[in-house]
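Working notes, structure below.
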2 protein chains.
Amino acid sequence: MEHCDIRTTLENAGLSKTVQREAVLSTLIRADLPLCARDILVRIGRECRINKVTVYRVLDSFRTAGIVREIPTEHGETFYEMACRHNPTHPHFYCRICRSLACLPSAGIEQKWLQGIRPGDAAIESVVINFTGLCKSCQKRNRTVSV
Amino acid sequence: MEHCDIRTTLENAGLSKTVQREAVLSTLIRADLPLCARDILVRIGRECRINKVTVYRVLDSFRTAGIVREIPTEHGETFYEMACRHNPTHPHFYCRICRSLACLPSAGIEQKWLQGIRPGDAAIESVVINFTGLCKSCQKRNRTVSV
DNA sequence: CGATAAATGCAACCAAATTGCAAATCCTTT
DNA sequence: AAAGGATTTGCAATTTGGTTGCATTTATCG
C-alpha cells in the first residue's frame, strides 16, 4: 500500500514539525488498522520520548487539521486512522469482547447514504458508520466457554 | 406517538420486574430522544430510589435482552433509546460542543447498506450511524464568540 | 544567535463506567 | 401467607480513558 509522506503531510496541515508528531504520524501511516491512544503509545515505545498527554494533544491537532479520522467505540476508547487519499472513508467493525476495530470494505455506498439524510440545521463534520458484534475468534472462544 | 407497555416489555424480555427496571424503562419509553445514564438518573429523580450503578446494570440487561439500542459518542458517554417497533433504527446527530444527541430521519437506507457490507466472519449485532458536528445553536454561539 | 510563540512532560484531576460484597427484594414452592 | 434460594440493588472503592494547569523545553523566525 502506498503511504503519505510524513513531512509533507505535516507541512500541508500547517503543523510544526516535532519528533513527537512525526512519531505519532509515522505510527498511524504504518498501521494497517485504526489505533487508539494506548496502541500508539505502545507502538512508539522507546523510539522516542513521548508522554500520554502529548499523544492525545497530537491526535487532537491531527483531527482538527483533518489528517486523521476519529472512530469512537462503545467502551469509550477512541480510535484513529489516516484520512488521506490512500485511505478513503469506510465503515468499521468493533468487537465488543476483545475491543478490536477492523476496517470493512466501503462498497461505495456512503455517498448515496448521505444524500438520503436531512440533518436539519446541523453542520455535519464527520460520519461514523460502525458495526458492532463478535469477531470470529471471540465467537469461537465464547462458544467453547458457554458449552 | 404510541408507546410500548412496560410490563409486557419486561416479560417478553424475560426480565424480572423491579421498581428500578420499571423506572428506567418508563423513562426511556417516555423520552423523545436518546438518554445517557446520567440523564436517566436525573429524570427518575425522587420517583424511585435508584443508584447510579443500578442504572448501568439495568441498561446492560436491557441491551442484552435487545429492548434498547446503544449509541456511543465521542466523549465516552453512551446513549440509549428504545429498540421497539415504535422506534425503528435510524441515524443520529451528535453535537461535539453541547454533547446533545438528536435523531435523524432514517430514509430507510439501513437495509440497503447492510446488504452491501461483507463483514467477513464477524457476527454483527448492531449498526450505528452517527453524524458529528455543530448543532444549530452551537453554530450560532460559536460564530458570536469567534468574531 | 536570541527572542517569542508553540509544544511537551508531569502531576493532579475528572467523569463515565465497573467491581466486590453485603443487604434487600423478587419469585417460587410449600 | 411464610420460607428459602436466586436475583437484584446499594454503597464504597476502583478502573479507565481522557483532560487541565503550569513549569520546562523545543521549534521557528527575525
Side-chain angles (χ1 to χ4, degrees), chain A residues 6-7 10-11 13-25 27 34-42 44-65 67-68 70-80 94 96-101 132, chain B residues 6-7 10-11 13-25 27 34-42 44-65 67-68 70-80 94 96-101 132:
Chain A
I6 294 177
R7 305 212 166 171
L10 285 177
E11 274 169 26
L15 293 170
S16 64
K17 199 174 60 185
T18 69
V19 265
Q20 289 83 357
R21 280 187 180 151
E22 288 182 339
V24 172
L25 188 51
T27 306
L35 303 177
C36 66
R38 219 168 113 61
D39 295 333
I40 294 171
L41 255 179
V42 170
I44 291 177
R46 283 178 220 77
E47 261 180 51
C48 108
R49 169 194 150 112
I50 189 170
N51 185 272
K52 176 184 72 162
V53 178
T54 305
V55 173
Y56 284 112
R57 287 199 270 231
V58 165
L59 287 171
D60 200 55
S61 68
F62 286 1
R63 182 185 53 75
T64 306
I67 62 182
V68 300
E70 210 177 48
I71 307 121
T73 66
E74 308 197 354
H75 286 99
E77 320 138 300
T78 307
F79 285 76
Y80 296 85
Y94 179 70
R96 64 173 167 81
I97 300 289
C98 66
R99 304 187 177 191
S100 62
L101 192 71
T132 299
Chain B
I6 294 176
R7 305 211 165 174
L10 286 177
E11 275 169 26
L15 292 170
S16 64
K17 199 174 58 185
T18 69
V19 264
Q20 289 82 358
R21 282 188 180 149
E22 289 182 338
V24 173
L25 189 51
T27 306
L35 303 177
C36 66
R38 220 167 112 59
D39 296 332
I40 293 171
L41 255 179
V42 171
I44 290 178
R46 283 180 221 74
E47 260 181 50
C48 108
R49 169 197 151 109
I50 188 168
N51 185 272
K52 174 184 74 162
V53 179
T54 304
V55 173
Y56 283 114
R57 287 198 272 232
V58 165
L59 287 171
D60 199 56
S61 69
F62 285 0
R63 183 188 51 76
T64 306
I67 62 182
V68 299
E70 211 178 46
I71 307 122
T73 65
E74 307 195 355
H75 286 100
E77 319 139 300
T78 308
F79 286 76
Y80 295 86
Y94 180 69
R96 65 174 166 79
I97 300 288
C98 65
R99 303 189 177 191
S100 63
L101 192 69
T132 299

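Throughout, a chain's letter reflects where its sequence line sits, starting with A, and its residues are numbered from 1.
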Task: Straight-line distance of A:Ile44 CD1 to A:Thr27 OG1, nearest 0.5 Å - done: 4.0 Å

Task: Distance (rounded to the nearest 0.5 Å) between B:Arg99 CZ and B:Thr73 OG1 - done: 7.5 Å

Open item on the list: Tell me whether the side-chain N/O atoms of A:Ser16 come closer than 4.0 Å to OP1 or OP2 in C:dA7.
Closed with: yes

Task: Ionic contact status for B:Asp60 with B:Arg63, cut-off 4.0 Å - done: yes

- [ ] Without swapping roles, check the side chain of B:Arg21 against the backbone of B:Ser16 for a donor-acceptor pair under 3.5 Å.
- [x] yes

Open item on the list: Restricting to non-hydrogen atoms, name the atom on B:Glu74 and the atom on A:Glu70 that form the minimum distance, rounded to 0.1 Å.
Closed with: OE1-OE1, 2.8 Å

Task: Nucleotides bounding contact with chain A, strand DNA chain D, heavy-atom threshold 4.0 Å - done: D:dG17 to D:dT28

TODO: Quickly work out the A:Leu25 CG to C:dA7 P distance and round it to whole Å.
DONE: 15 Å

Open item on the list: Could you tell me if the side chain of B:Tyr56 sits less than 4.5 Å from the side chain of B:Asn51, heavy atoms only?
Closed with: no

TODO: Measure from CD on B:Glu11 to C1' on C:dC26 and round the result to the nearest Å.
DONE: 14 Å

Open item on the list: Rounded to whole Å, please give me the gap between CZ in B:Arg63 and C1' in C:dT18.
Closed with: 14 Å

Open item on the list: Rounding to an integer number of Å, can you tell me how far A:Arg49 CZ sits from C:dA7 P?
Closed with: 17 Å

TODO: State whether B:Gln20 places a side-chain N or O below 4.0 Å from either non-bridging phosphate oxygen (OP1 or OP2) of C:dT25.
DONE: no

Task: Interatomic distance where CD belongs to A:Glu22 and C1' belongs to C:dA7 [whole Å] - done: 13 Å

Task: Test item: B:Ile50 and B:Val24 side chains (from C-beta on) under 4.5 Å apart, heavy atoms - done: yes

Task: B:Thr18 or A:Cys36, whichever maps to the more 5' nucleotide of DNA chain D - done: B:Thr18

Open item on the list: Can you classify the ring geometry of A:Phe79 versus A:Tyr94 as parallel (below 30°), tilted (30 to 60°) or perpendicular (above 60°)?
Closed with: perpendicular

Open item on the list: When you measure from the side-chain N and O atoms of B:Arg38 to the phosphate of C:dA15, is any distance below 4.0 Å, counting only OP1 and OP2?
Closed with: no

Task: Nearest-angstrom distance from the residue atom NZ of B:Lys17 to C1' of C:dC27 - done: 11 Å

Task: Side chain proximity check, A:Ile40 to A:Leu59, heavy atoms < 4.5 angstrom - done: yes

- [ ] Would you mind reporting whether A:Glu22 and A:Arg7 have side-chain heavy atoms less than 4.5 Å apart?
- [x] yes

- [ ] Would you classify B:Lys52 as touching base, sugar-phosphate or nothing, given that sugar-phosphate means primed atoms plus P, OP1 and OP2, and contacts are heavy atoms under 4.0 Å?
- [x] base

Open item on the list: So, taking the atom named NZ in B:Lys17 and the one named CG in B:Leu25, what distance separates them when rounded to the nearest 0.5 Å?
Closed with: 12.5 Å

Open item on the list: How bent is the helix from C:dC1-D:dG30 to C:dT30-D:dA1, measuring the angle between the end axes built from five pairs each, rounded to 10°?
Closed with: 30°

Task: DNA chain C contacts made by residues 53-62 of chain A, counting heavy atoms under 4.0 Å - done: A:Val53, A:Thr54, A:Arg57, A:Val58

Task: Atom-pair distance (CG on B:Asp39; P on C:dA15), nearest Å - done: 15 Å

TODO: In whole angstrom, give the distance that lies between atom CG of A:Leu15 and atom C1' of C:dA5.
DONE: 15 Å

TODO: Considering non-hydrogen atoms only, spot the tightest contact between B:Ala65 and B:Leu15 and give its length.
DONE: CB-CD1, 4.2 Å

